[in-house]
Amino acid sequence: MARIADLLAAGPTYSFEFFPPKNDTEQATLVRTLRELEPLEPSFVSVTYRGGRASRQRTYDLVVGMLKTTALTPMAHLTCVAHTRLELAEILVDFRKAGIENVLALGGDPVSEPDLPEAELRFADELVELAHAIGGFSIGVAAHPELHPRSNGDRAADRARLAAKLRRADFAITQFFFRVDDYLGLVDDLRREGVDKPVLPGIMPITNLRSAQRMAELSGCAVPAEVVARVEAVADDADAVWRVGVEMATELCQGLMAEGAPGLHFYTLNRSTATREIYANLGLAPAA
Ligand code: FAD
């Protein structure tokens, strides 16, 4: 087990994000994906969290399972939504007891489940403070290159809040985006606020234009016209769409690394092929 802050201090990190499976089919897919991605020796992997009753346990179980049965360094996501402060403190204590040292502290997306408590913490920065109070964690936070969807376009306020949050955390991971300049704009804004903590760019290859556009809408980021045009030019051929998606993600990663990004964080959606192809294109796969 390693602390992500220490891994980042030692050099670029390459990490993969997964969501906890909800049924046996998803479980089988994830097991296969982990088997295919573990040989790439990622610096760490992260596991998303939903505030609903059943899903809470799933993140814990998956992260602890990874700790016990793989060589991976896992990070648990945790969100403020639908939790009391005491519940969040209990979850963090359970994480520490299980040996989990890395946590991504998030505001969280709304959960539509009846009879859950009102969130007592409103924003991620309060969860960062709680994790500090429990102690022993390397703490990450989320960043949004194209601003958080609820920021109403108020760039200065959104960046100032992110800077304040990141000052108290060890690193940030971004929402996915498609232009190197969006990432550089975020990092520049943070520097102007006096914050130079590592910001890991989140990479999501487009393998299907419609679902990428749907996800982008939900996440408050735009799929740029030039990206849409490249995919639409081959829209009739699913294999070509895949190829172009991997090619564009590879170019994005190359641009980010050339600009000195401290690593790359891949949104895998619990599949391995696109990530493995980008890894190979970047020459990152460990020698056999
Ligand atoms: P927060 O820091 O909580 O900020 C949210 C908004 O409130 C911003 O507009 C901010 O400017 C504003 N704000 C912050 N502090 C204040 C303040 N003190 N006063 C007034 N306004 C304030 N969601 C999940 O549910 N589960 C996950 O596992 C998950 N993983 C994610 C991983 C990554 C890498 C990313 C980028 C996002 C993830 N999300 C996840 C989504 C995230 O929870 C949502 O973006 C959520 O809407 C906000 O959480 P946050 O931590 O990004 O923002």
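This chain uses plain numbering: 1 for the first residue, then up along the sequence. Just follow the structure's listing: the first ligand is 1, and inside any ligand the first atom is 1.
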Selection from [options] by shortest heavy-atom distance to [atom]:
atom	options	value
atom 9 (O) of ligand 1	E17, K165, H148	H148
atom 22 (C) of ligand 1	R161, H144, R159, R150	R161
atom 32 (C) of ligand 1	R50, E126, H77	H77

Donor on one side chain, acceptor on other, S15 and H265, under 3.5 Å: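 Side chains of S15 and H265: pair found under 3.5 Å.
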
Polar contact flag, side-chain donor to acceptor under 3.5 angstrom, S138-D170: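 Per modelled atom types, S138 and D170 side chains form a pair under 3.5 Å.
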
Sub-4.0 Å heavy-atom contact, F176 with ligand 1: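 Distance cut 4.0 Å: F176 fails for ligand 1.
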
Contact check, V81 vs ligand 1, heavy-atom distance below 4.0 Å: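 No.
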
Salt bridge (Lys or Arg N to Asp or Glu O under 4.0 Å) partners of residues 180-189, not counting sequence neighbours, each pair once: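 Non-adjacent pairs meeting salt bridge (Lys or Arg N to Asp or Glu O under 4.0 Å): R155-D189, R159-D189, D189-R192.
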
Give the numbers and elements of all ligand 1 atoms closer than 4.0 Å to a heavy atom of [X].
X	answer
A142	35 (C), 36 (C), 37 (C), 52 (O)
T48	28 (O)
I173	34 (C), 36 (C)

When you look for heavy atoms under 4.0 Å from ligand 1, do you find them on the side chain of [X], its backbone, both, or neither?
X	value
T79	side chain
L104	side chain
R122	neither
H265	neither

Of L121, T79, V93, the residue whose pairing with L88 passes side chain to side chain contact (heavy atoms under 4.5 Å, CB included):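 Among L121, T79, V93, the one meeting side chain to side chain contact (heavy atoms under 4.5 Å, CB included) with L88 is L121.
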
To which protein heavy atom is [atom] closest, and what is the distance rounded to 0.1 Å?
atom	result
atom 50 (P) of ligand 1	G107 N, 3.6 Å
atom 31 (C) of ligand 1	L106 CD2, 3.7 Å
atom 23 (N) of ligand 1	D109 OD2, 3.5 Å
atom 26 (N) of ligand 1	Y49 O, 2.7 Å
atom 19 (N) of ligand 1	F123 CE1, 3.4 Å

N23, CG: over 12 other non-hydrogen atoms inside 6.0 angstrom: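 Enclosed.
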
Contact check: A124 vs ligand 1, nitrogen or oxygen atoms, below 3.5 angstrom: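 Among all N and O atoms of A124, at least one is under 3.5 Å from an N or O of ligand 1.
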
Contact (N/O only, under 3.5 Å) between D158 and ligand 1: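 Indeed, backbone or side chain, D158 has an N or O that close.
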
Parallel, tilted or perpendicular, as decided by the 30° and 60° cut-offs, for the rings of Y279 and Y14: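 Ring orientation of Y14 relative to Y279: perpendicular.
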
Whether Y267 and F176 hold their rings parallel, tilted or perpendicular, with breakpoints at 30° and 60°: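 Plane angle over 60°, so perpendicular.
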
Side chain to side chain contact (heavy atoms under 4.5 Å, CB included) partners for R161, two or more places apart: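 In terms of side chain to side chain contact (heavy atoms under 4.5 Å, CB included), with neighbours along the sequence ignored, R161 is linked to A157.
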
Pair E113 + R50, salt bridge at N-O below 4.0 Å: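 Between R50 and E113 there is no salt bridge, as every charged N stays at least 4.0 Å from the carboxylate O atoms.
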
Distance in Å, L218 CG paired with D109 CG, rounded so as to fall on 0.5 Å steps: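 Nearest 0.5 Å value for the CG-CG distance: 8.5 Å.
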
